[in-house]
Amino acid sequence: MFDRHQDLKTIRRCKRGEEAAFAEILARYRGPIYNLCYRMVRNPEDARDLAQEVFIKVFRLLDRFDEEYAFSSWLFRIASNHCIDHLRRNRMRFLSLDGVTGPDGEEFELQLPDEGPAPDTVLERGEAVARLEEVIADLPPHYKAITLLRHQQQLSYEEIAEVLQLPLGTVKARIHRARAQIQQMLADRSYDI
Amino acid sequence: MDGRDQRDHRAGHGLDCPDCRLELQEYLDGTLEKKRSLAVFMHLRDCAACRADHDALQAVFSGLDALPALEAPADFDAKVLASVPYGAYQAMASLRRERVPVFLEEQFLPAWLRARATRVAGLAVAAAVAFAFAAGAGAGWLLAPGLAGLGPELLCRLQGAGRRLVGLRRAEG
Ligand SMILES: [Zn+2]
């Protein structure tokens, strides 16, 4: 989906300190990373801060980027982890309880007071979209990240395995469970989409 | 008739309902191998219950794929670009390009040894000693200060030669 060789060329120019090269990376990935963060935290201001922090981190750690992997994979890994950490930190602020652990060691999100989008935005977008957004917001962070990598970023199972550094089988199983959970949550809330 | 009643029967293509349900996600992802994908397709054609599962799942897939994207704020790049350590990257660029063995790095020799003044002074001492030697003083003990005077220059020259030898000559700029 992302041009790996083009990215590598640009990254090497970044490493020489070329300002234009950093701007190119931003132009290429600003949208995907901002939207990943937005869907992860469902708040435009937090999403902007998180996405900016991701790029700042990536540009500072450029020397640690292993050229054996796609730059996009490394970027998405840092972004996913950054958002997951943010959600965990936020949850800790609300709860002193430990998360409940599911059968595969996945933590299950305890329901949090969710600010959600302003009511007028819900009306503007279709109701189906709003329902799906609500359900995604309530997914455990790991399921949320993997679902977004697959459906929002349109990454293949193999690419997601590289992003999350997990075996392909684990990735498939986790995506399948995430979607099953989304379906279950929609059913539990009698949401038809 | 109730589609659920069909759950137990094989639809005649080597796939029963539980198997079909197990494959639905990969079927929709398009990652199922051809033969298996065809079996699911045939089963779905004949089994209303699984077809309903398929349609419900497909709605979730389409919904997820179609979630609207937001435009990043206009001033997004400015904050990021303001924090990039360009200078550090520029300074490191030449080092990174060459990956010079550490003993060939300029920094390997202490600065005072690399300093032009040290090297000029060293050469002057060496020249004076050589002159005295040639002028017939002829004393063996003069050789030691002569070589010591040549030391800084020789070390810098050897380092340069070594770098050229391994083809790692520093690009200008
Ligand atoms: Zn069936």
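Convention: sequence-line order gives letters A, B, ...; per-chain numbering from 1.
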### Task
Name the region of A/T147, side chain, backbone, both or neither, that has any atom closer than 4.5 Å to a heavy atom of chain B.
side chain
#### Entry: Interface residues of residues 22-31 of chain B facing chain A - heavy atom cut-off under 4.5 Å
B/Q25, B/E26, B/D29, B/T31
### Summary
Applying a strict 4.5 Å limit to non-hydrogen atoms, the region of A/I56 in contact with chain B is both
### Message
Can you tell me which portion of A/L62 sits under 4.5 Å from chain B's heavy atoms? Options are side chain, backbone, both or neither.
### Response
both
#### Entry: Per-residue contact mode, A/I193 against chain B (heavy atom under 4.5 angstrom)
both
#### Entry: Part of B/V80 within contact of chain A (heavy atom distance under 4.5 Å)
both
### Task
Measure B/A91 against the heavy atoms of chain A and call it side chain, backbone, both or neither at under 4.5 Å.
neither
### Query
Can you list the steps and then say if B/L64 with A/I182 is a side-chain contact (heavy atoms from CB on, under 4.5 Å)?
CA-CA 10 Å; B/L64 290 171; A/I182 291 172; 4.1 Å; yes
### Task
Identify, with sequence neighbours excluded, every residue that meets side chain to side chain contact (heavy atoms under 4.5 Å, CB included) alongside A/P32.
A/F2, A/F76, A/Q153
### Task
Can you sort out the partners of B/Q90 under side chain to side chain contact (heavy atoms under 4.5 Å, CB included), two or more places apart, ordered by chain and number?
B/Y86
### Query
Side chain, backbone, both or neither: which part of A/A51 has an atom under 4.5 Å from a heavy atom of chain B?
both
#### Entry: Any pair counted as salt bridge (charged side-chain N to carboxylate O under 4.0 Å, His left out), so long as it reaches residues 17-34 of chain A, sequence neighbours left out
A/D7-A/R28, A/R13-A/E18, A/R13-A/E24, A/R16-A/E18, A/E24-A/R28, A/R30-B/D77
